[in-house]
Amino acid sequence: MVILGIETSCDDTAASIVIASGSFDEPRFAIASSIVSSQAAQHAAWGGVVPMLAKREHEKNLPAILAQALSDANVTPNNIDAIAVTKGPGLEPALWAGIAFAEKTAREWKKPLIGINHMEGHIVAAVLSKSTVAPAPKIVFPALALLISGGHTELVLVHHWLKYQKLGATRDDAIGEAFDKVARLLGFPYPGGPHISHAAEKGVASGISLPRPMLHSGNYDFSYSGLKTAVLYYLRDRGELSQQDRSNLCREFELAATDVLIAKTRRALAEFTPASLIIGGGVIANTHIRASFTELISSEFPHIHLHVPAISFAGDNAAMIAAAAYIHLINGETTATTIRAQGHLSIA
Ligand code: KG4
Ligand code: ZN
C-alpha cells in the first residue's frame, strides 16, 4: 500500500510517501520520501510559534512540499492508495491548513482519507528505518512509550497497536517547551533545545543545583515549569554569567530534566514490566537523554528492547503519520471525506 502522509501540527510542513506492507502484528515500512520544511526561522523573531503565521506558511508551502515528496519517491498520484493527515493534537490553525489541503487533494485524486493522532505517529516513528532494504524492527508488546516533544511529555502503555493507556503527562510545560524557554532566557534563538544541548556539552559540575520537580511524586505526571522558573531566578540573582557559567547552567538544566524522565520511566518499567520501551518526539534528538536511556536499559533492564527513532524521524515528520495510517487501515478502519481538527486530542 502506498500512503501519502501530511503533517502540519506545529511549525514543520511535512509530506511523505511510505510504502507499507506486512500484517497488523508486523507492519513494514519503506520510506520512499520524507520532506520536512521548518518554519523555525519565521517564528524565531517572535520567540516561539505563532499559530496564524504557521497556518499561512503551511498553506503557502504545502503544494511544493507535496510535489517534492512525489518526485523524490518517483510516484504519481495514480500510485497513491490513501492519504493520511494529522488531525491533532497541535495548534488548531496549523492543523486546519494540513487538513484542508489533504481533503482537497483526496477529492481531486479520488483517494480515501484518514485522520491520524500526532502522538501515535511519534510512537510508530520508532519502527521507521531510512533504509528501504533493512526490515523495520518489530515491536514486542506490551510496550511503554515515553513521548517527549515541544508540546508533550507523556508516558503511555501500548498494549498493542491502537490500544493505548495514558499513565501520566506533564501538568504544565512540556520538556521541549522548557528547553526552549530556558534557551530564550539565555538569549539563544528558537527552537533552543539543540543550543542548550550544545552548550551543556562544555559544562562541568559547578555546584549549581536545580530542582527535579515531581521526582518523588509517586505518579507518572511531570512538571517542567518550576525547573524553568528556577533557571529564571538563578539568572536574576547571579546577573551576568561567563561563557563557562552558562555552559554549566545548561548542563545542570539538562541533567535535572533528564533525571525526572529516567526516574519515572524506571518506575513504570518496574511496575508494568513491558517487553519494549519506545521513545518518541523531538527531544529524543538530545544526545545526553539518548545516552541516559541506553544506559538505563543496558544496566537495569537488559531484557527490554529499546526503540529510539533515527534522528530524522524523532522530530515532526509525515512518514510517521503515513505509517500510523497503515496500521489503522490494515485494521479495517473506515476512511472519511472530511476531518475535524482536534487541538487537544489525547492518545487515550
Ligand atoms: O517533536 P517535535 O519536533 O515537535 C513537537 O511536536 O513539539 O519537538 C520539538 C522540540 C522543541 O522543543 C525542540 O527544542 C526540542 O524538540 N529539541 C531538543 C533537541 N532537538 C530538538 N531538545 C533538547 N535537545 C535537543 N537536541
Ligand atoms: Zn511532535
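First listed ligand is number 1; within each ligand, the first listed atom is number 1. The analysis underlying the following values was restricted to heavy atoms, covering all of them including side chains, and did not include hydrogens, waters or symmetry mates.
Aromatic ring centres of Phe179 and Tyr224: separated by at least 6.0 Å. Aromatic pair Trp46/Tyr190: ring centres not closer than 6.0 Å.
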Could you go through residues 201-208 and list every donor-acceptor pair under 3.5 Å that involves a side-chain atom there, pairing it with any protein atom two or more places apart or in another chain?
none

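Considering only residues two or more places apart in sequence or on other chains, Tyr164 meets the ring pair (Phe, Tyr, Trp, His ring centres under 6.0 Å) condition with none of them.
Protein N/O/S atoms closer than 2.8 Å to the Zn ion (ligand 2), listed by chain and residue number, are His118 NE2, His122 NE2, Asp316 OD1.
Counted by atom type alone, Asp316 and His122 present one or more donor-acceptor pairs between their side chains at under 3.5 Å. Between the side chains of Asp25 and Ser23, no donor-acceptor pair of N or O atoms lies under 3.5 Å. Looking at Ser217 and Lys264, their side chains do bring a donor and an acceptor atom within 3.5 Å of each other. There is a side-chain donor-acceptor pair under 3.5 Å between Gln39 and His58.
Residue Asp180 places at least one N or O, backbone or side chain, under 3.5 Å from an N or O of ligand 1. The shortest N/O to N/O separation between Gly315 and ligand 1 does not fall below 3.5 Å. For ligand 1, the polar-atom distance check finds an N/O of Gly176 within less than 3.5 Å of one of the ligand's N/O atoms. Residue-to-ligand polar distances keep Pro191 apart from ligand 1: every N/O pair is separated by 3.5 Å or more.
Distances shorter than 4.0 angstrom occur between a heavy atom of His118 and an atom of ligand 1. Residue His152 places every heavy atom at 4.0 Å or more from ligand 1. Heavy-atom separations between Gly151 and ligand 1 include at least one value shorter than 4.0 Å.
Using a cutoff of 4.0 Å between basic side-chain nitrogens and carboxylate oxygens, Arg238 and Asp245 are scored as salt-bridged. Ion pair Glu252/Arg246 not flagged as a salt bridge, since none of the NZ, NE, NH1 or NH2 atoms sits closer than 4.0 Å to an Asp/Glu carboxylate oxygen.
Among protein heavy atoms, atom 1 (O) of ligand 1 sits closest to Gly282 N, 2.9 Å. The protein heavy-atom contact nearest to atom 18 (C) of ligand 1 is Gly193 CA, 3.8 Å. Nearest protein heavy-atom neighbour of atom 5 (C) of ligand 1: Asp316 OD2, 3.5 Å. Of the protein's non-hydrogen atoms, Val283 CG2, 3.9 Å is the one closest to atom 15 (C) of ligand 1.
Here is the list of ligand 1 atoms found below 4.0 Å of a heavy atom in Gly150: 5 (C), 7 (O), 8 (O), 9 (C), 10 (C), 12 (O). For ligand 1, the atoms sitting less than 4.0 Å from at least one non-hydrogen atom of His122 are 1 (O), 6 (O), numbered in the order shown with element in parentheses.
Within the 4.0 Å heavy-atom criterion, both parts of Asn286, backbone and side chain, lie near ligand 1.
When side chains are defined from C-beta on, Ser16 does not count as touching Asn317, because their heavy atoms never get closer than 4.5 Å.
Chaining together hydrophobic side chains whose heavy atoms lie under 4.5 Å apart places Ile35 alongside Ile65.
Checking side-chain atoms of Arg171 against main-chain N and O of Asp221 turns up no donor-acceptor pair under 3.5 Å.
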